[in-house]
Amino acid sequence: MQNFCELCMIIQKLRFFSNMELSSKYNPSEIEGKWYEYWLNHGIFHSEPDGREAYTVVIPPPNVTGVLHMGHVLNETIQDILVRHARQQGKNACWVPGTDHASIATEAKVVNRLASQGIKKTDLTREEFLKHAWAWTEEHGGIILKQLRRLGCSCDWDRTAFTMDEKRSASVLKVFCDLYEKGLIYRGVRMVNWDPKALTALSDEEVIFKEHQGKLYYLRYRTVEDPEKYAVVATTRPETIMGDTAMCINPNDPKNAWLKGKHVIVPLVNRQIPVIEDEYVDVEFGTGCLKVTPAHDINDYMLGEKHHLQSIDIFNDNGTLSEAAGLYVGMDRFDVREQIEKDLAEAGLLEKVEAYTNNVGCSERTGVPIEPKLSMQWFLKMEHLAQIALEPVMKDEIMFYPQKYKNTYRHWLENIKDWCISRQLWWGHRIPAYYLPDGRFVVAPTVEDALKKAQAINPSVTAADLRQDPDCLDTWFSSWLWPISLFDGINTPGNKEISYYYPTADLVTGPDIIFFWVARMIMAGYEYEGKMPFKHVYFTGIVRDKLGRKMSKSLGNSPDPLDLIDRYGADGVRMGMMLSAPAGNDILFDESLCEQGRNFSGKIWNAFRLVKGWQVDDSVKATDAQRQAMKWMSAKITDTLVEVEDLFGKYRLSEALTLLYKLFWDEFSSWYLEAIKPEYGKPQNAETYRTTLHYFDILLRSLHPFMPFITEHLWQALEDRKEGETICNQEAKCENQEQKAVLDDFEIAKQIITGIRNVRAQKNIGNKVDLTVQAVNVSDVPFRAVVEKLGGVKEIEHVAEKAASATSFLAGNSEYAVLLDGLVDTAEEVAKLKKELEYLEGFLASVNKKLGNERFVQNAKPEIVANERKKQADAEQKIAALKASIEQLSK
RNA sequence: GGACGAAUAGCGCAGCUGGUUCAGAGCAUCUGCCUUACAAGCAGAGGGUCGGGGGUUCGAAUCCCUCUUCGUCCACCA
């Protein structure tokens with residue numbers, strides 16, 4: 001049975017490749033799925049700890065219900081390139097995929113869906129709601145992971161994790177309890193950022209400031225002491241006056257000095273409030289009078305604390321006015337703003353209104369303006385964690401690419417505030433705090449442990465008496481453990497996996513989550529593993545459209561990656577992304593880049609068709625041109641691969657790709673293959689054929705991290721491969737030493753060939769030409785046989801003087817001439833040579849000037865001076881040759 | 001308001017500790033070619049006072065100062 005299956009495979013393979021060779025066009029969709037299956041079936045991406053060096057990458061977990069967008073494509077492509085490269089190098093590559101429960105975003109989506117079904121969240125119990133949330137997660141969850149396979153991502157799918165799965169959840173609770181025991185987590189009433197739409201507190205990082213075209217309202221506050229007089233207060237938020245409990249002036253402000261010790265009446269509300277003095281008030285802003293609303297502004301809150309003011313919370317959680325406001329109860333805060341403007345004007349209490357632009361803090365998720373609100377929340381003290389996380393980055397133990405983000409990182413850590421970690425949500429890790437009937441609480445990972453602790457406080461407490469805190473933890477409180485929790489390092493410290501895979505090698509992510517995630521992972525890494533979570537952080541840029549705009553759903557300028565993959569192939573899309581994606585720079589994405597990628601796939605495909613299409617004859621010997629070309633190609637590949645490795649080390653992946661692109665397209669296809677191509681209809685000799693296959697093999701390997709599908713497909717077809725063999729673990733090794741002279745000589749040979757081609761184009765010559773050379777012997781013409789073949793040269797002859805009926809050009813340091821048999825226009829030829837001469841004389845003059853400058857000769861490094869002398873000699877030689885030719889033509 | 005980064009060919013970019021990697025590749029453009037792997041291709045060519053102005057130096061795209069423009073992050077004066 002097994003044999004039968006194998007036979008089927010072989011037949012299938014044969015049929016496949018024979019079809020393929022006939023097809024002149026590369027069709028990615030025919031082969032990509034097949035090879036991904038192949039990799040999965042052979043467990044190529046699966047990793048287990050072994051004796052090899054570990055190379056670990058953890059995926060920045062996308063939202064569990066998200067779908068692939070262009071930002072992911074960039075990010076995951078980079079990770080896959082790094083992982084595949086490491087795997088080829090023989091490292092034990094392990095790329096762990098997974099998804100994030102995205103507490104607030106997912107809960108919002110579930111709430112929306114329920115609303116569309118006429119169900120309100122508030123009508124459901126927590127358990128019922130979570131049932132819906134899990135159903136939603138299962139329905140949409142993991143779509144994005146499937147999409148990553150289309151892109152070719154070589155994740156170890158056996159390890160797929162979820163931030164809310166059992167192990168990750170247990171890790172979160174354990175860490176929470178531990179930090180509580182350490183005194184780093186506390187509960188308290190603080191001013192927090194409140195999202196009136198999501199109905200939850202947010203961390204400072206989740207608040208984004210947006211410029212808002214608003215108004216500045218000037219309100220009249222009559223004085224109690226003299227009802228005829230009033231003070232004017234400028235505010236952007238007139239709807240908060242019901243919460244005013246003081247007016248504040250600067251004690252050094254002469255124009256408001258008359259208000260000192262007085263009281264004023266809040267407009268419409270008619271409540272008396274004192275005038276207080278504080279230097280916090282900016283004399284220059286507005287009228288210099290500030291209304292103080294301690295419940296609804298962070299600065300006012302501080303003033304309130306300092307001056308022992310009353311605090312009136314006039315808002316409900318959803319942003320409508322509460323009973324405490326007394327007026328406009330139940331109306332939305334923005335409706336009140338409009339209404340109160342009218343009412344104030346009617347009452348004669350509105351002095352004026354000015355247009356005003358200010359920054360409004362908005363919820364990152366829901367987009368609505370946040371409301372500063374006093375509330376009871378859980379906080380994590382950051383001082384200690386910031387301290388342990390700062391140094392490793394500043395000392396480059398953890399390397400940031402690009403380095404400029406070190407500054408951003410330092411600034412944030414040095415000004416860090418405590419992290420509000422509780423969220424008034426149900427979808428997430430529920431805070432493991434349990435309240436006793438008397439209001440005291442215990443913190444423990446399980447109800448059982450909590451009960452024990454509770455009974456230590458009060459022996460009569462039963463499990464039924466305990467009430468668990470209803471809040472959830474911030475999503476990032478689980479993500480920050482990701483590099484550890486994926487290997488279960490929290491639950492079972494020191495286990496085999498965490499010891500082997502941690503610290504991870506590279507983290508690839510966007511700079512927008514440097515605080516949310518990167519910094520916090522570093523904190524958790526040192527706190528729980530005593531080591532960095534990763535050695536290198538590669539910050540990608542933002543993917544923008546070609547006009548430089550951020551890609552967004554509302555603009556409709558974001559292409560669907562899967563559609564792009566359908567049209568250009570995964571390799572084409574990956575290429576397109578990487579061609580212009582240096583670390584840290586935004587990339588302006590344009591579909592034409594994918595086109596370029598697809599065209600490159602086509603180029604590789606056709607080169608393969610050429611080489612594999614040759615009839616091979618063992619009895620034929622390699623020609624000189626072929627031997628010379630092979631010698632050069634070997635040196636060129638070596639040279640490029642050395643450089644590519646260097647670029648990989650510097651995470652300059654787009655430059656590495658560009659080099660390989662040029663190596664394959666220009667050097668290998670345009671120069672090498674043309675040089676070794678047998679005459680039409682003639683067979684290729686075995687030596688050249690085998691060597692070319694070998695080069696092809698290396699080129700495919702080196703391109704594989706960037707273009708995994710086509711390289712696997714062609715590598716499989718290049719030679720007979722055994723079932724289970726894969727390019728995925730084949731290193732692109734360079735076996736030669738660098739041969740600078742060979743490379744330099746070939747560049748001269750290219751110049752000669754290009755020179756001849758130019759003459760052909762200008763004179764419209766199709767036949768073979770005769771070439772003469774001065775200055776060097778015929779045998780010293782670099783890569784002479786290649787020059788003859790690619791230049792279409794009948795014969796090269798050494799001459800002392802250029803023939804009259806010839807047109808010449810310079811290559812290297814000597815002059816070459818194509819004999820033209822009377823086709824030459826002497827005047828034109830002389831003019832051309834004179835132009836060249838003029839340029840060279842100018843060049844020589846500048847070199848001479850330099851060398852004539854004593855201070856240059858004295859101060860410059862000797863090798864620089866030597867170089868100038870060489871330039872001088874070369875130029876003089878060329879000038880002499882040109883002059884001789886001109887003189888001869890002018891006879 | 002503060003900090004950081006950027007400005008080089010039509011476009012998006014590279015150019016490291018000043019001097020042969022020094023003014024560069026790629027795409028686009030233009031001119032020839034349906035040449036037998038590839039027209040999604042081949043062979044050529046033309047594009048730039050390196051944002052402006054100063055300075056240091058024998059020598060500056062590169063170092064310093066300054067101005068202009070753009071970007072990012074942080075702060076949030078109500």
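Computation of the quantities below employed the complete heavy-atom set of this structure, encompassing side-chain atoms and omitting hydrogens, waters and symmetry-equivalent molecules. Letters A, B, ... are given to chains in the order of the sequence lines, protein chains preceding strands, and every chain is numbered from 1. A quick note: this is a predicted structure, and the numbers were derived from the prediction, not measured.
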### Query
Distance between the P atoms of A6(B) and G46(B), in whole angstroms?
32 Å

### Message
Any non-hydrogen side-chain atom of Phe516(A) less than 4.5 Å from a side-chain atom of Glu364(A)?
### Response
yes

### Message
Distance check, P atoms only: G47(B) and A23(B), in whole angstrom units.
### Response
15 Å

### Query
Between G2(B) atom P and Arg410(A) atom CZ, what is the distance in whole Å?
17 Å

### Message
Would you say the ring centers of Phe668(A) and Tyr695(A) fall short of 6.0 Å from each other?
### Response
no

### Task
Tell me which nucleotide among G71(B), A37(B), A14(B) gets nearest to the side chain of Leu673(A).
A37(B)

### Message
Base, sugar-phosphate or nothing for Tyr356(A)? Non-hydrogen atoms, less than 4.0 Å.
### Response
sugar-phosphate

#### Entry: Atom-pair distance (CZ on Phe400(A); C1' on G5(B)), nearest Å
16 Å

### Query
Can you tell me if the side-chain N/O atoms of Tyr405(A) get under 4.0 Å from OP1 or OP2 in U72(B)?
no

### Query
What nucleic acid atoms does Thr293(A) come within less than 4.0 Å of, heavy atoms only: base, sugar-phosphate, or nothing?
nothing

#### Entry: Spacing between Glu595(A) atom CD and A39(B) atom P, to the nearest angstrom
15 Å

### Intermediate values then yes/no, side chain to side chain contact (heavy atoms under 4.5 Å, CB included), Phe285(A) and Leu290(A)
CA-CA 9 Å; Phe285(A) 189 89; Leu290(A) 172 71; over 6 Å; no

### Message
Once you apply a heavy-atom cut-off of 4.0 Å, does Tyr218(A) come out as touching a base, just sugar-phosphate, or nothing?
### Response
nothing

#### Entry: Spacing of the C1' atoms in C30(B) and A9(B) (rounded, Å)
15 Å

### Ring-ring centroid check Tyr405(A) Tyr409(A), cutoff 6.0 Å
no

### Query
Base, sugar-phosphate alone, or nothing: which one does Asp282(A) contact when heavy atoms must sit under 4.0 Å apart?
base

#### Entry: Between P of G46(B) and CD of Gln762(A), the distance in whole Å
11 Å

### Query
Aromatic rings Tyr26(A) and Trp605(A): how do their planes relate, parallel, tilted or perpendicular, breaks at 30° and 60°?
tilted

### Of the listed nucleotides A40(B), A37(B), C42(B), the one nearest the side chain of Ser670(A)
C42(B)

### Query
Which part of the nucleic acid, if any, lies within reach of Leu290(A) when heavy atoms closer than 4.0 Å are counted: base, sugar-phosphate only, or nothing?
base

### Message
Pairing donors with acceptors under 3.5 angstrom, does anything connect the side chains of His212(A) and Asn359(A)?
### Response
no

### Atom-to-atom span, CD1 of Ile542(A) to P of G71(B) - whole angstrom
12 Å

### Message
Treating primed atoms plus P, OP1 and OP2 as sugar-phosphate and everything else as base, which nucleotides of nucleotides 20-36 of chain B get B, S or - for protein heavy atoms under 4.0 Å?
### Response
B----SSS--------B

### Query
Is there a donor on the side chain of Lys603(A) or the base of C38(B) sitting less than 3.5 Å from an acceptor on the other?
yes

### Query
Are a donor atom and an acceptor atom from the side chains of Tyr218(A) and Thr235(A) found within less than 3.5 Å of each other?
no

### Task
Please determine if a side-chain N or O atom of Ser669(A) lies less than 4.0 Å away from the OP1 or OP2 oxygen of A37(B).
no

### Message
Taking syn as a glycosidic torsion within 90° of 0 and anything else as anti, which one is G53(B)?
### Response
anti

### Task
For nucleotides C50(B) and G24(B), find the distance between their C1' atoms and express it as a whole number of Å.
12 Å

### Query
Per the side-chain contact (heavy atoms from CB on, under 4.5 Å) rule, which among Met242(A), Lys373(A), Glu371(A) passes with Phe315(A)?
Glu371(A)

### Query
When the ring centroid of Tyr401(A) is compared with that of Tyr538(A), is the distance short of 6.0 Å?
no

### Query
Do the non-hydrogen side-chain atoms of Leu663(A) and Met633(A) ever get within less than 4.5 Å of each other?
yes

### Gly288(A) vs Trp665(A), nearer the 5' end of RNA chain B by closest nucleotide
Trp665(A)

### Message
Measure CD1/Ile370(A) against C1'/C76(B) and give the value in whole Å, please.
### Response
11 Å

### Message
Any side-chain N or O of Arg855(A) below 4.0 angstrom from OP1/OP2 of C58(B)?
### Response
yes

### Task
May I ask you to establish whether Lys215(A) and Tyr356(A) are in a cation-pi arrangement, using a distance under 6.0 Å from NZ or CZ to the six-membered ring centre and at most 45° from the ring axis?
no

### Query
When we call it a touch if two heavy atoms are under 4.0 Å apart, what does Asn859(A) touch: a base, just sugar-phosphate, or nothing?
base

### Query
Any side-chain N or O of Asn359(A) under 4.0 Å from OP1/OP2 of A75(B)?
no

### Query
Does a side-chain N or O from Lys650(A) land closer than 4.0 Å to OP1 or OP2 of C16(B), or not?
no

### Task
Assign Glu674(A) to base, sugar-phosphate, or nothing according to its heavy-atom contacts below 4.0 angstrom with the strands shown.
base

### Pairwise C1' distance, A40(B) and A28(B) [rounded to whole Å]
16 Å

### Query
Judged by modelled atom types alone, do Glu591(A) and Tyr568(A) share a side-chain donor-acceptor pair under 3.5 Å?
yes

### Message
Side chain of Phe209(A) only, heavy atoms from C-beta on: which candidate in G19(B), C74(B), C76(B) is closest?
### Response
C76(B)

### Task
Determine the interatomic distance between C1' on G48(B) and the same-named atom on C11(B); round to the nearest Å.
14 Å

### Message
Checking contacts here: which listed nucleotide (A78(B), A14(B), C4(B)) is nearest the side-chain heavy atoms of Arg652(A)?
### Response
A14(B)

### Query
For RNA chain B, whose closest nucleotide is more 5', that of Gly602(A) or that of His411(A)?
Gly602(A)

### Query
Rounding to the closest angstrom, what is the interatomic distance between A7(B) and A45(B) at atom C1'?
29 Å

### Message
Regarding Asn358(A), tell me which of base, sugar-phosphate or nothing describes its non-hydrogen contacts under 4.0 Å with the strands shown.
### Response
sugar-phosphate

### Query
Which whole-number value in Å describes the distance from Lys406(A) NZ to A3(B) C1'?
16 Å

#### Entry: Dot-bracket pairing map - RNA chain B, Watson-Crick plus G-U, both contacts under 3.5 Å, | cross-strand
(((((((..((.(.....[....).)).(((((.......))))).....(((((..]....))))))))))))....

### Query
How close or far is atom C1' of A78(B) from atom CD1 of Ile298(A), stated in whole angstroms?
14 Å

### Task
Could you check whether Arg760(A) gets within reach of a base, just the sugar-phosphate, or nothing at all, counting any heavy atom under 4.0 Å?
nothing

#### Entry: Side-chain N or O of Arg757(A) closer than 4.0 Å to phosphate OP1/OP2 of G44(B)
yes

### C1' atoms of U62(B) and U56(B), separation to the nearest Å
13 Å

### Message
Can you confirm if the aromatic rings of Phe664(A) and Phe696(A) lie within a centre distance of less than 6.0 Å?
### Response
yes

